[in-house]
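Everything on this sheet refers to the single structure shown next.
Heavy atoms only: backbone and side chains are in, while hydrogens, waters and symmetry mates are out. The chains referred to below are lettered A, B, ... by the order of the sequence lines, with proteins before strands, and numbering in each begins at 1.
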Number of protein chains: 2
Amino acid sequence: MTYSEENYLKVIYHLSTGNSKGITTNAIANEMESKPSSVTDMVKKLAEKELVAYKKYQGVSLTEKGRQHAVMIVRKHRLWEVFLVEKLDFSWDEVHDVAEQLEHIKSEKLIDKLDEFLDFPTEDPHGDPIPDRNGKIAKMEKQLLSETSLNTKVICVGVKDSSSSFLQYLDKQQIALGSAIEIISREHFDQSLSLKVNDKPLSVSNKIAANLFVKPL
Amino acid sequence: MTYSEENYLKVIYHLSTGNSKGITTNAIANEMESKPSSVTDMVKKLAEKELVAYKKYQGVSLTEKGRQHAVMIVRKHRLWEVFLVEKLDFSWDEVHDVAEQLEHIKSEKLIDKLDEFLDFPTEDPHGDPIPDRNGKIAKMEKQLLSETSLNTKVICVGVKDSSSSFLQYLDKQQIALGSAIEIISREHFDQSLSLKVNDKPLSVSNKIAANLFVKPL
DNA sequence: CTATATTTTTAGACAAAACTAAAAATGTTT
DNA sequence: AAACATTTTTAGTTTTGTCTAAAAATATAG
């Protein structure tokens, strides 16, 4: 499996979660910053290899085989992110590009040993679950802050958007995984929220709240 | 710089050490398990980029710029080898192929942090020196066991051949970096040696002795 | 239910990196 | 120094992954 094929599988996998329909050519092209025609070509190749199911004009979806491959790439990506943060002192907004490269290293032994070295982490630095060596993903209870009712006490368990600009905003506001958040009030006009984060008052826009995962205390 | 260009630079660098002349197309093709015509093509490209000096039919040599690049690849390769052995419990005969992949990961921060994490090692698991972040290589005193005079006490500090078959042979004979070796006698007929390794007698062929680096105690 | 707009696919081209086969240059022998 | 052998380069293909532009299919709107 080539570097490029792996990237396509990964993108299709990510677009598939919470999307039971076929993934469109355009959606993939957008995500990969490439052109729809390139996607069509590659998708045909992946279909040849039975990694995706594809019918002209109907979009693609991963086969079980393709899903397994994709999950392993995600596993590698997230384990490397943990390594970078825990062992090499990277911050959570710096890990993505490097992990993007490391995820393509081919060695089962490497990834299993790394997993062990990191003490079998179940989540990456952004709160996303790490598939185990059999591809099993422990799913955890979490909801978006924007969809949480007033006067609830929750803790931050993940981010939906992991762009560095969002992560740096969170750093600035001293919001991290594990932070205690209480929802005080919601502004009707723009859905912005008044919070207490670690007992300090903070107001956040709906866009922020819609990208923070929390779970009830 | 592409993956492939990096591999060429690395091979040319390795062929260059202890070889002041131009490196031949054939030598490179051999080392890379490719064809001379492919080498000619790539060498032209590297010459365009001023990474090598090249005159038709005269072989190639690295420019200073090319040497710097090559040294950085070697630095990455060897640091990753240390990581694999020290942190992930790989044995010294298992690290090469994985390090071959890891050496192409592009991130200065990654490699400097890794260096720090490993406590700035100066040698890889085979006793080869690790260039520092400025490309400086601490050279150490070492000689081949085959060229060491009788009745000398030495310690093993490196291997010339790091193929897994050789390394596994050394494991079997319990020869490792740091092992104390005394040269008892040399057979005139085949240049084989009688040794004491960690006080136990052992006879080795010239081929073995010609691939073991030692230094006087 | 046509007409129009959008999406997707096809066809053809290109760049990178490899190859084979043939030509050119260099080396080696006598 | 001519003849032969070897090495290196050139010329032309191939494969992978991308692209543009045009054609085909699907979706949307009046």
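For A/Ser37 against D/dT20, a side-chain N or O and a base N or O form a donor-acceptor pair under 3.5 Å.
Nucleotides of DNA chain D nearest to B/Tyr57 and A/Gln58 differ in position, and the one nearer the 5' end is that of B/Tyr57. Nearer to the 5' terminus of DNA chain D, by closest-nucleotide assignment, is the contact made by B/Lys55 (compared with the other of B/Lys55 and A/Asp41).
Between A/Phe83 and A/Trp80, the two ring planes are perpendicular [angle over 60°; tilted spans 30° to 60°].
Distance B/Glu48 CD to C/dA16 P: 11 Å, rounded to the nearest Å. Rounded to whole angstrom, the span from the CD1 atom of A/Ile28 across to the P atom of C/dT7 amounts to 15 Å. Atom OH in B/Tyr3 sits about 17 Å away from atom P in D/dT16, given to the nearest Å. The separation between B/Leu46 atom CG and C/dA16 atom P is 13 Å, rounded to whole Å. Put simply, CD on A/Glu5 is 14 Å from C1' on D/dT18, counting in whole angstrom units. Separating the CG atom of B/Asn30 from the C1' atom of D/dT8 is a distance of 14 Å, rounded to the nearest angstrom.
Nucleic acid contact class of A/Ser38 (heavy atoms, under 4.0 Å, all strands): base. Heavy atoms of A/Tyr54 sit under 4.0 angstrom from primed sugar atoms or phosphate atoms, though from no base atom. A/Thr25 comes within contact range of the sugar-phosphate backbone alone, with a heavy-atom separation under 4.0 Å but no base atom that close. Contact annotation for A/Tyr8: backbone-only contact, meaning every heavy-atom pair under 4.0 Å involves sugar-phosphate atoms and none involves a base. Within 4.0 Å of B/Ser4, counting heavy atoms only, lie sugar-phosphate atoms of the nucleic acid but no base atom.
Stacking of B/Lys44 on the aromatic ring of B/Tyr54 is not recorded, the 6.0 Å distance cut-off and the 45° axial limit not both being met.
At the phosphate of D/dT10, OP1 or OP2 sits under 4.0 Å from a side-chain N or O atom of B/Lys44. Regarding contacts with the backbone of C/dT6, every side-chain N or O of A/Asn26 stays at 4.0 angstrom or more from both OP1 and OP2. In this structure, B/Lys56 reaches the D/dT10 phosphate: one of its side-chain N or O atoms is under 4.0 Å from OP1 or OP2.
When the options A/Lys76, A/Lys10, A/Arg78 are evaluated for a salt bridge (Lys or Arg N to Asp or Glu O under 4.0 Å) with A/Glu103, the one that passes is A/Lys10. When each of B/Asn134, B/Asp132, B/Asp115 is paired with B/Arg75, the side-chain hydrogen bond (donor to acceptor under 3.5 Å, both in side chains) condition holds for B/Asp115 and for no other.
Considering only heavy atoms from C-beta on, B/Val95 comes within 4.5 Å of B/Leu84 through its side chain.
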